[in-house]
Amino acid sequence: MTLISKKKIHYTISKELRAYLHEYDRESRLPVTYRDLLRYSGSFPLMDRNGRDTLWQTVFYEPSTLVELSAGLAEVYALLRTDGDLSFTDHLLADRIDYCQFGNSNPFRVRIVNQLNDNYDYFYVKQADASRVYGLELEHLLSPNRINYLVCGDSLIEEHIAGIPGDDFIRDHLKRPHLNQVRIAKEFVKFNERCFARLLGDMRAYNYVIIATPDFEDEQYRVRSIDFDQQSYEGKKNMYLPQFFKDNRKVVQMCSQLLKTETIRQYQAEERTLIARRVRLERYRLKALMDVMRRDETSTPEKTAQLKQQLNQHYATTAFDRCRSMGDVVHQNLKMMLLARPRPE
């Protein structure tokens, strides 16, 4: 069983990383920041439709503060979704703001409602953290998913990623008769491979979602991370392999029952091939990001040394001895994953 012993250290965004964000249009001035949302005057627990505690608190503000915040949050949504086109913000309303004290980022979740048709969307306001930003950017460059986010000072704005939370899916959907379990197993193997390639940790079931897409004969699935706090921070290799988390056990058991070893290796090879293609496509931007990350501090020397040792053992190499930072470790691990076959567990 894989456990996280302590809360992650917060790492501020360096000048070099901020210059990268500016170069690639990830930085913007915002009318509302994380600190502004901390001015709430009270809160109450938010329950789901089945009466279960969501671990979120719906917060409320003084009327004058709420008017000011709602207009500013509509502009933030426009910056995130339409590159700052404010022509439609008059009919947008921030009708609910939730706050979560669970986890590293203590995020606010904002619900934006279109008053013309009552349709709504969400976005998140979090404390900006360097490792979280690296995680988002690596997701954008190396995964099948594109992701929108903005940084302003110590505030981070993230789009909402729609899907069925992994823990809900495992509890409520995994045994449904119509579910194509083989396709779910295949996608979990590929997700496991993506996380390990770029060293994204802590993929417990509530940190990813399952996206189901109807096909002409069946459904296709994709497993997608929604939490990037633990990008290359922990020292234990198994932290970067979702298969080792206790709450993913039912999916892992399903994979072992339905997929032969040769099939699993095939899916791993397929995913590594896709990652390699993305690396070639985004090679200049990825190099710019890795140059910054390799000079940055995103973990402790102890954790970095531990991960280097465990990855050396995993690949039967000494290549990781040359790494001086977690950024170096990520860079070397990508090379090992894409240019050589990893040893079987």
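The structure displayed is predicted, hence computed values, not measured ones. Heavy atoms only: backbone and side chains are in, while hydrogens, waters and symmetry mates are out.
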Between [X] and [Y] (salt bridge meaning N to carboxylate O under 4.0 Å), is one present in this structure?
| X | Y | answer |
| --- | --- | --- |
| R265 | E271 | no |
| E16 | R295 | no |
| D227 | R204 | no |
| R198 | E139 | yes |
| R183 | E219 | no |
| K287 | D291 | yes |

Return the orientation label for the Y20 and Y24 ring planes: parallel under 30°, perpendicular over 60°, tilted otherwise.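 Because their plane-to-plane angle lies in the 30° to 60° range, the rings of Y20 and Y24 count as tilted.
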Determine whether T82 and Y77 make a side-chain contact, defined as any pair of heavy atoms from C-beta on separated by less than 4.5 Å.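 No, their side chains stay 4.5 Å or more apart.
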List in chain and number order the residues that pass side-chain contact (heavy atoms from CB on, under 4.5 Å) with V67, two or more places apart in sequence or in another chain; answer none if no residue qualifies.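 Expected list: none.
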side-chain contact (heavy atoms from CB on, under 4.5 Å) partners of A305, counting only residues at least two apart: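 A305 satisfies side-chain contact (heavy atoms from CB on, under 4.5 Å) with no other residue.
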For [X] and [Y], indicate whether the former's side chain and the latter's backbone hold a donor-acceptor pair under 3.5 Å.
| X | Y | answer |
| --- | --- | --- |
| Y61 | L37 | yes |
| D167 | D247 | no |
| R283 | R280 | yes |
| D36 | V32 | no |
| H331 | C323 | no |
| S325 | R294 | yes |

Quick test of your reading: applying salt bridge (charged side-chain N to carboxylate O under 4.0 Å, His left out), list the pairs with at least one residue in residues 42-51, sequence neighbours left out, ordered by first then second residue.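 Output for this query lists D48-R52.
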Minimum-distance pair of heavy atoms, taken over all atoms of [X] and [Y]:
| X | Y | answer |
| --- | --- | --- |
| Y233 | T298 | CD1-O, 3.4 Å |
| P31 | G72 | CG-O, 3.3 Å |
| I184 | M254 | CG2-CE, 3.4 Å |
| L338 | R272 | CD2-O, 3.5 Å |

Are side-chain N/O atoms of E159 and N148 paired as donor and acceptor at under 3.5 Å?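 On atom types as modelled, these side chains qualify, holding a pair under 3.5 Å.
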Results of side chain to side chain donor-acceptor pair (under 3.5 Å) for [X] - residues two or more places apart only:
| X | value |
| --- | --- |
| Y99 | none |
| Y149 | E137 |
| Y40 | none |

Within a 6.0 Å radius of atom [atom1] on [X], are there more than 12 heavy atoms belonging to other residues, nucleotides or ligands?
| X | atom1 | answer |
| --- | --- | --- |
| E62 | CD | no |
| H173 | NE2 | yes |
| R29 | CZ | no |

Establish, yes or no, whether a centroid distance under 6.0 Å links the rings of Y124 and F108.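 No - the distance between ring centres of Y124 and F108 does not fall below the 6.0 Å cut-off.
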For residues F228 and H140, establish whether the separation of their ring centroids is below 6.0 Å.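 Judged by ring-centre distance (under 6.0 Å), F228 and H140 do not meet the cut-off.
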State which residue, out of R96, R111, R81, R109, fulfils the salt bridge (Lys or Arg N to Asp or Glu O under 4.0 Å) condition with D121.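 With D121 as partner, salt bridge (Lys or Arg N to Asp or Glu O under 4.0 Å) holds for just one option, R81.
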Ring of F320, cation from K308 - is the NZ or CZ under 6.0 Å from the centre and inside 45° of the axis?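 Here K308 fails the 6.0 Å and 45° test against F320.
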